[in-house]
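Read the structure below first, then the notes.
Remember, it's 1-based here, ligands and their atoms both numbered in the order they're listed.
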Amino acid sequence: MNQSILILLGSLLIFSSSEAGAASREAVYGEGAMVSSRSTLASTVGVKIMKQGGNAIDGAVATAFALAVTYPSAGNIGGGGFAVIHFEDGKVITQDHREMAPGAAHRDMYLDDNGDEIKGLSRSTLLATGVPGSVEGLLGLLRDYGTNTRQEVMAPAIKLAEEGFLLDTDLAKHINTAGQALFKNPAAVKKFTIDGRALQAGDIWKQPDLAKTLRLISDKGRDGFYAGETADLIVREMQKGGGIISHDDLANYRAVYREPVHTNYRGYDVWTMGPPSSAVLVLQMLNMLEPFDLKAMGWGSSKAIHLMIEAERRAYADRAEHLGDSDFYDVPLDMLVDKKYAQSRFSDFDINKASSSEAIFAGAAPAQESMETTHFSVIDKSGTAVSFTTTLNSSYGNKMVVPGTGILLNNEMDDFSIKPNTANQFDLIGREANAIAPRKRMLSSMSPTIVSKDGVPVLVTGSPGGSTIITTTLQIILNVVSHEMPLEDAVSLPRFHHQWKPDRIIYEKYAFSPDTLRALEEMGHVGFSAWPYGRGIGDANSVLMKDGKLYGVKDPRADGVAVGF
Ligand code: DON
């Protein structure tokens with residue numbers, strides 16, 4: 001079956017007559033509710049739940065469980081993530097269900113006797129896995145803010161896993177591309193094959209073990225995952241294969257509500273996730289850029305890009321020094337979000353000249369203060385909005401499935417600074433703030449964000465992409481707020497990224513015109529390199545509310561849809 005027939009067949013099976021969906025760069029319009037996610041089936045599940053009377057939290061929880069079935073490289077129950085929620089009355093909360101280091105973890109656990117990193121240990125082994133937070137997070141959100149029952153929001157995911165779904169070209173290719181690494185693990189082979197052969201587009205793919213685990217969670221709540229049979233299977237696998245997650249670690253895992261971090265950028269309130277996320281960088285960069293009229297400079301102009309690169313350079317230097325789990329390390333958060341601090345960081349900014357990353361250091365904290373992810377955005381007509389990013393870290397995590405459960409394990413431990421100033425898989429470096437400690441959460445770049453005005457959400461956004469998540473989120477906010485673009489342009493226009501170190505600018509095809517590139521080089525910017533992977537940087541599935549109307553955009557850089565009614 002060719003791809004267009006599959007897509008047509010898929011849409012006929014999926015959308016009802018009153019729903020609209022788009023997988024292209026067009027915006028989808030709705031008045032009732034909207035979900036934009038990486039998976040067509042998951043977006044549809046979320047919208048259906050809200051159509052049946054659920055609120056945006058019910059829709060988000062249902063979407064997230066469905067993603068664990070339909071987008072297994074990043075949708076998960078074996079990983080973790082963050083949610084930022086804006087309520088109808090203007091209140092904003094954030095929930096952290098990031099993975100935690102197991103109790104037996106220690107600072108140098110990935111180093112050999114000489115203090116050198118043992119390659120691969122923090123990424124492709126059972127030691128790479130942090131204690132998963134997704135199930136606890138999703139059930140907590142539903143309990144505290146949902147209106148539906150666990151059984152109602154989980155039923156669609158269970159059905160998709162039990163009865164299977166039509167595999168499209170995108171997913172079949174995605175799984176088989178990961179195949180070599182994935183198929184070293186016998187339980188992964190079982191999950192990702194049918195009768196011993198590779199999955200193909202057009203197959204109906206069932207995941208009976210995952211269906212059983214989801215049913216246990218639906219029946220028993222958190223004990224369906226963190227205790228009983230599922231916990232036994234996880235711990236047994238750990239003990240067999242050199243992992244260290246214990247029954248105790250699972251039983252003690254808790255999601256946490258944290259104060260959102262916030263700034264006001266040109267009259268708009270921007271709310272995002274505090275540590276252990278490093279999304280505060282988005283706010284720092286907005287604060288640095290606020291005094292400049294980016295619109296007058298023009299989108300894509302060398303002046304505007306130069307400014308943004310210099311803001312990125314300074315913010316990422318702060319990330320390496322100051323950011324980590326604030327339950328363990330005294331993150332100078334007030335300083336980082338302070339507008340005066342942002343201006344002081346920019347005091348050496350030269351409008352005509354690039355600075356060198358070697359000459360940029362993190363701002364000093366006052367002495368007394370001490371590849372795969374997925375993002376979806378949900379909004380309902382009341383103005384309740386959920387910005388949700390979840391991950392296993394690398395694509396399919398450590399590529400290991402716990403036998404009998406269908407659960408893919410994360411390799412999130414690699415997000416710790418496993419040795420000071422040693423780059424992780426995203427070339428990010430860190431130090432003391434993000435050193436490993438038992439039960440500590442590893443620093444994340446995931447930046448689910450909501451922009452509001454006068455207490456009403458305007459933009460719900462975020463992205464996968466490791467270190468590029470932060471700059472992707474920044475660019476979308478600037479496109480909407482400063483450049484006043486429609487959402488479809490804000491999301492689809494080409495992006496670029498700088499992260500202090502290495503001193504290089506990664507850019508998508510068409511991001512810089514030849515003139516712009518030349519002008520940036522003349523200012524002294526170095527290390528231009530075209531983005532080498534897939535269809536582009538990030539996958540920022542976003543929704544926007546304007547005059548009470550809802551608009552959803554699926555980032556055209558990856559498949560999936562925005563669906564609304
Ligand atoms: O939390 C983080 O920052 C990383 N684990 C995210 C990984 C990621 O975005 C990979 N993919 N695109």
Numbered in order shown, the ligand 1 atoms found under 4.0 Å of a heavy atom of G466 are 8 (C), 9 (O), 10 (C), 11 (N)
Any salt bridge linking R495 with D555? Criterion: basic side-chain nitrogen under 4.0 Å from a carboxylate oxygen. yes
As an exercise, identify every atom of ligand 1 less than 4.0 angstrom from a heavy atom of I469. 9 (O)
Looking only at N/O atoms, are S444 and ligand 1 under 3.5 Å apart anywhere? yes
What do you reckon, does R98 put a non-hydrogen atom under 4.0 Å from ligand 1? yes
Is it true that the NZ or CZ of R319 lies under 6.0 Å from the centre of Y316's six-membered ring and within 45 degrees of the ring axis? no
Looking at K554 and D539, does any basic side-chain N land under 4.0 Å from a carboxylate oxygen? yes
Going by the atom numbers of ligand 1, which of them fall below 4.0 Å from some non-hydrogen atom of S445? 1 (O), 2 (C), 3 (O)
Please collect all salt bridge (Lys or Arg N to Asp or Glu O under 4.0 Å) contacts where either partner lies in residues 274-285, sequence neighbours excluded, each pair once. none
Salt bridge between D325 and R98, side-chain N to carboxylate O under 4.0 Å? no
Taking 4.0 angstrom as the limit, do K173 and D559 come out as a salt bridge? no
Shortest heavy-atom approach to atom 5 (N) of ligand 1 - which of T391, T468, D415, I470: D415
Are E412 and R441 close enough for a salt bridge, meaning some N to O gap below 4.0 Å? no
Honestly, for E412 the part within reach of ligand 1 (heavy atoms, under 4.0 Å) is side chain
Contact check: L443 vs ligand 1, nitrogen or oxygen atoms, below 3.5 angstrom: no
If you measure every N or O of G465 against every N or O of ligand 1, does any of those distances drop under 3.5 Å? yes
